[in-house]
Amino acid sequence: MYYVNGRDLYKKHCQNCHGISGEGLENLVPPLTDTAFLKTNKYRLACFIKYGIEGDTIRVAGRTYDGKMPANEKIANIDIAQLIVYLTNSFGNSHGMYTAEQVAVDLEGCNKGR
Amino acid sequence: MKFLQATFGIFISLIFFTACKQQTRLPILGPRETRQVKAPDGTVSVDTIYKTIPSFSFLNQDSLPLTNDTFKDKVYIADFFFTSCSTICPVMHRNMKKIFDDYKNNPDIMFLSHTIDFKYDTPSKLKTYAKKLGVDGPKWQFAYGDKAAVYTIAEKDYLVAVMEDSSSPENYVHQGWLVLIDKHRRIRGSYDGTDDKQVAQLIQDIPVLLAEK
């Protein structure tokens with residue numbers, strides 16, 4: 001269920017920018033197909049989704065991005081968990097399960113003042 | 001039996017006629033007027049005056065003047081967007097970029113994106129955006145102009161609704177039409193750039209328009 005709900009959430013909140021296959025958009029939006037990046041940064045994904053990304057330079061799939069990703073401040077932890085399960089098990093990724101409890105833990109570590 | 005044959009005949013020719021018409025010529029959109037014209041020999045005929053895109057003057061992503069002359073004898077696709085738009089614009093431009101790539105080597109077609117964010121999207125911001133989208137060059141022009149000029153041409157001429165709206169999260173609201181303009185500045189199609197079906201229709205219509213004399 002996590003995966004299916006995550007797919008619907010992805011369609012609604014993320015697909016316009018990251019694309020139907022997680023391909024991103026040129027140098028404006030990074031792809032979600034860089035498995036190594038997603039693995040190393042897994043603990044930050046909840047923060048990205050909830051608080052967005054701004055004023056940060058990240059390197060994904062061999063390119064540098066300095067764009068802005070909008071925040072989803074009102075999103076529930078369970079929705080974040082479902083999104084993460086979906087994207088880390090699609091687009092060539094297969095990271096397995098991720099729970100809402102883990103989201104709560106990861107959100108504690110966000111650098112919100114960024 | 002005769003009657004049946006006759007209706008059948010009409011039916012067939014109707015199908016044939018509509019099919020033919022669709023493939024050979026795109027409609028001319030927008031309001032039109034008719035005017036009576038008197039020929040030198042005294043005969044009177046009726047001429048149809050189609051809506052055309054009026055003269056405009058903006059700045060492009062290199063801060064150079066951008067006018068109708070830039071698009072002289074070109075078919076072009078026009079839209080309205082802003083660089084910080086996080087909703088429909090990435091979708092519109094993902095689709096436009098695909099078409100851009102397909103026609104990279106065809107000099108007869110161009111692209112024109114107008115920003116509606118006259119406060120933030122200066123030419124240098126448009127330049128950065130064009131580079132990131134991978135389309136910086138003469139073929140895809142980005143237009144920067146004052147609010148009145150851009151909003152008027154959007155609504156009155158390209159027939160795309162745009163507005164500044166402080167109650168919306170991003171301050172601007174607009175429609176995602178990709179507007180197909182012919183070599184005589186007339187609107188030949190308008191397609192929702194966020195809708196796969198309509199974008200597919202645009203992709204079908206471009207060669208039809210390019211083949212027109």
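Chain naming here is simple, since letters A, B, ... match the order of the sequence lines and numbering starts at 1 in each.
Among residues two or more places apart in sequence or in another chain, the side-chain contact (heavy atoms from CB on, under 4.5 Å) test is passed with Ala104(A) by Asn77(A). Residues satisfying the ring-ring contact (aromatic ring centres under 6.0 Å, His included) criterion with Tyr2(A), sequence neighbours excluded, are absent altogether.
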Quick one: donor-acceptor pairs under 3.5 angstrom, chain A versus chain B?
| from | atom 1 | to | atom 2 | distance (Å) |
| --- | --- | --- | --- | --- |
| Asn16(A) | O | Arg94(B) | NH1 | 3.0 |
| Asn16(A) | O | Arg94(B) | NH2 | 3.3 |
| Asn16(A) | ND2 | Ser86(B) | O | 2.8 |
| Asn16(A) | ND2 | Thr87(B) | O | 2.7 |
| Cys17(A) | O | Arg94(B) | NH2 | 2.6 |
| Glu26(A) | OE2 | Lys97(B) | NZ | 3.4 |
| Asn27(A) | N | Lys132(B) | O | 2.9 |
| Asp66(A) | OD1 | Lys132(B) | NZ | 2.7 |

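Residues of residues 88-99 of chain A never come closer than 4.5 Å to chain B when only heavy atoms are counted.
Within 6.0 Å of atom CD1 in Ile20(A), 12 or fewer heavy atoms from other residues, nucleotides or ligands are found, so the atom counts as exposed in its surroundings.
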